[in-house]
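From a predicted model like this one, the values you see are computed outputs, not experimental measurements. For reference, positions follow the sequence shown, starting with 1.
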Amino acid sequence: MNARPDESVVHGSKASAKDLPSVDRLIRSPASAALLAEHGHTLVAGEARALLDALRAQALAGELPAAAVQPAALDAALRARIETRLAPRMRRVLNLTGTVIHTNLGRALLAEPALQHLLAMMAGPNNLEYDLAGGGRGDRDAIVEELLCTITGAQAATVVNNNAAAVLLTIAALARGKEVIVSRGELVEIGGAFRMPDVMAAAGATLVEVGTTNRTHAHDYERAITERTALLMKVHTSNYAVQGFTSSVDEAEIARIAHAQGLPMATDLGSGALVDLAAYGLPHEPLPQEKLAAGCDVVSFSGDKLLGGPQAGLIVGTKDAVGRIRKFPMKRALRMSKLPLAALEATLRLYLRPERLAQDLPALRLLTRPEPQIRALAQQLAPAVAQALAPRFTVEVAAMQGQIGSGSLPVERLPSAGLAIAPAQKKGAGRALDELAAALRALPLPVIGRIADDRLLLDLRCLEETRDVQPFLAQLTHLEATTP
Ligand SMILES: *Cc1c(COP(=O)(O)O)cnc(C)c1O
């Protein structure tokens, strides 16, 4: 389509491409001078060019309002473009989904000491791989190995990027070119294309499935062992539960079978809480220390699930098995960076004072937050939210069922409370809810809730009084403007 610039002039309120200044003239206007001084020529000129290109296209289509080419409007548009360009893509949000360790929302929050240590260590040089006592080259594993051994009772420990990497590395180091025996009931998919059979193939090992989906017995493992077998493995079915007529073989039994043939046994624990959650009134999640005591040679687990630290894959076990894993060349490609390593060290140190853990570790603090406290907060916030959303929506305090998240204890629910927001009118209710959810996501500090039973639910378990309540309330006025 050939748009003719002259044509748009016919409509009095439209501007033509000829009304637009050159890039040079735009960035030399008095208002832009401040932008130039602040951001420099490269960014300002680049955004000015992009802005004028966009406006020119609008003008040629006869859709550019005359007001848009006024100097003040052009300056404002340029400033807005620059602000958008400089705004980070990764943003803080309020997780009101009711899922505490939410993979899509960044999993575990770091504890204050971990944040402080991370910042302090990144601001200058550090002894990442330097032995301060001897004055020579050190090993980055040494920063956390002793701590991990103290906490889990392991002989040795090493760390990599995440637990997926830990599993891949364990299999590759112990069983490349050989066979690994796993129960059919444990061939998990974790999400994000992490499927046990594929990981096995990527590690260069051959998967030998034993048993059935619901039942696997000790003799299934025993019969599958051949001279090609290198490893027996158990995978914690962290994101689903097999119920009913089931039978599986525990770690102690598999380890006994493996050791009788001189083979190692590894467990992928997934979440790996380091303290017994039952002591906090939560469901028991298996601990690495229990699995090591049962005879596992290697136990791997995540750093940013129930452990409450940064993304990391922790590998604990015997000196021999962990030594082979550490020396395997792939370890160098999967090694942890200094950033999460600093945060991991500080997080693990919190476990030396278990009595304080429920205060110090955000993951545990949120998981153990008493329901009456959450309900009281909901009652306190309900009137302000109701006022901001009236008359289109009604707001009430409601009981809710949260989740731990990140594939931990998938069938357990956390009794919680929050705000249930319902459209005032039945007609168009679905659309109204979608629009409200979008308006909440568009807030300066985006609020992520969930829609269920024709209501938008804001579970307040993860809305912390000291950090979140004030910003949450302060931005409600934006909602009055954005919801019609
Ligand atoms: C979460 C999980 C993983 C992957 O851990 P990441 O730290 O996310 O890489 C592997 N195995 C199991 C059983 C898990 O639950």
Side-chain angles (χ1 to χ4, degrees), residues 88-122 144 151 159 161-163 238 270-275 277 280 282 285 301-314 336-337 339-354 356-370 373-374 377 400 402-409 412 414 416 418 440-441 443-450 458-472:
R89 282 293 174 90
M90 189 188 252
R91 294 171 59 195
R92 219 168 86 66
V93 304
L94 290 176
N95 170 15
L96 304 191
T97 61
T99 300
V100 176
I101 304 172
H102 198 301
T103 290
N104 302 149
L105 303 180
R107 288 198 182 161
L109 309 180
L110 288 182
E112 194 55 35
L115 292 169
Q116 297 298 337
H117 192 53
L118 176 68
L119 209 60
M121 288 307 100
M122 293 317 114
V144 290
I151 296 166
V159 286
N161 253 320
N162 50 43
N163 188 37
S238 51
S271 198
L274 287 178
V275 287
L277 296 183
Y280 300 92
L282 294 162
E285 173 85 350
F301 50 101
S302 282
D304 56 353
K305 292 182 179 172
L306 286 171
L307 191 148
Q311 180 184 304
L314 295 85
M336 231 174 138
S337 127
L339 275 93
L341 194 58
L344 179 63
E345 182 195 3
T347 305
L348 289 173
R349 246 171 241 299
L350 298 176
Y351 282 87
L352 298 179
R353 301 189 291 183
R356 298 182 39 153
L357 212 53
Q359 280 310 307
D360 293 348
L361 197 68
L364 199 55
R365 185 168 71 230
L366 293 173
L367 287 171
T368 56
R369 200 168 175 197
Q373 197 192 89
I374 306 170
L377 178 61
M400 292 182 189
Q403 288 183 57
I404 293 176
S406 267
S408 313
L409 313 153
E412 303 291 344
L414 296 171
S416 188
L440 289 168
R441 292 195 305 272
L443 288 169
L445 179 55
V447 172
I448 319 290
R450 80 190 142 94
L458 301 180
D459 186 315
L460 299 187
R461 174 176 296 277
C462 295
L463 194 80
E464 294 215 83
E465 316 252 0
T466 49
R467 190 193 52 211
D468 303 327
V469 169
Q470 198 276 330
F472 175 82

Heavy-atom pair of closest approach, residues [X] and [Y]:
| X | Y | result |
| --- | --- | --- |
| A114 | A343 | CB-O, 3.7 Å |
| L307 | L274 | CD1-CD1, 3.5 Å |
| R467 | C462 | NH2-O, 4.4 Å |
| A108 | G309 | CB-O, 3.9 Å |
| P310 | T347 | CD-OG1, 4.1 Å |
| L341 | M336 | N-CE, 3.6 Å |

Donor-acceptor contact below 3.5 Å, side chain [X] vs main chain [Y]:
| X | Y | answer |
| --- | --- | --- |
| R369 | R461 | yes |
| D304 | G308 | no |
| S271 | A273 | no |
| S406 | I101 | yes |
| Y351 | L357 | no |
| R92 | P446 | no |

Quick check for you: to the nearest 0.5 Å, what is the distance between [X] atom [atom1] and [Y] atom [atom2]?
| X | Y | atom1 | atom2 | value |
| --- | --- | --- | --- | --- |
| L377 | E465 | CG | CD | 5.0 Å |
| L306 | E285 | CG | CD | 5.5 Å |
| L277 | L367 | CG | CG | 7.5 Å |

Non-hydrogen side-chain atoms of L314 and L344 separated by less than 4.5 Å: yes
Ion pair present between R349 and D360, side-chain N to carboxylate O less than 4.0 angstrom? no
Salt bridge check: are R365 and E464 linked by an N-O gap of less than 4.0 Å? yes
Other residues, nucleotides and ligands only: do more than 12 of their heavy atoms fall within 6.0 Å of CD on Q359?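 Open: at most 12 neighbouring heavy atoms sit under 6.0 Å from CD of Q359.
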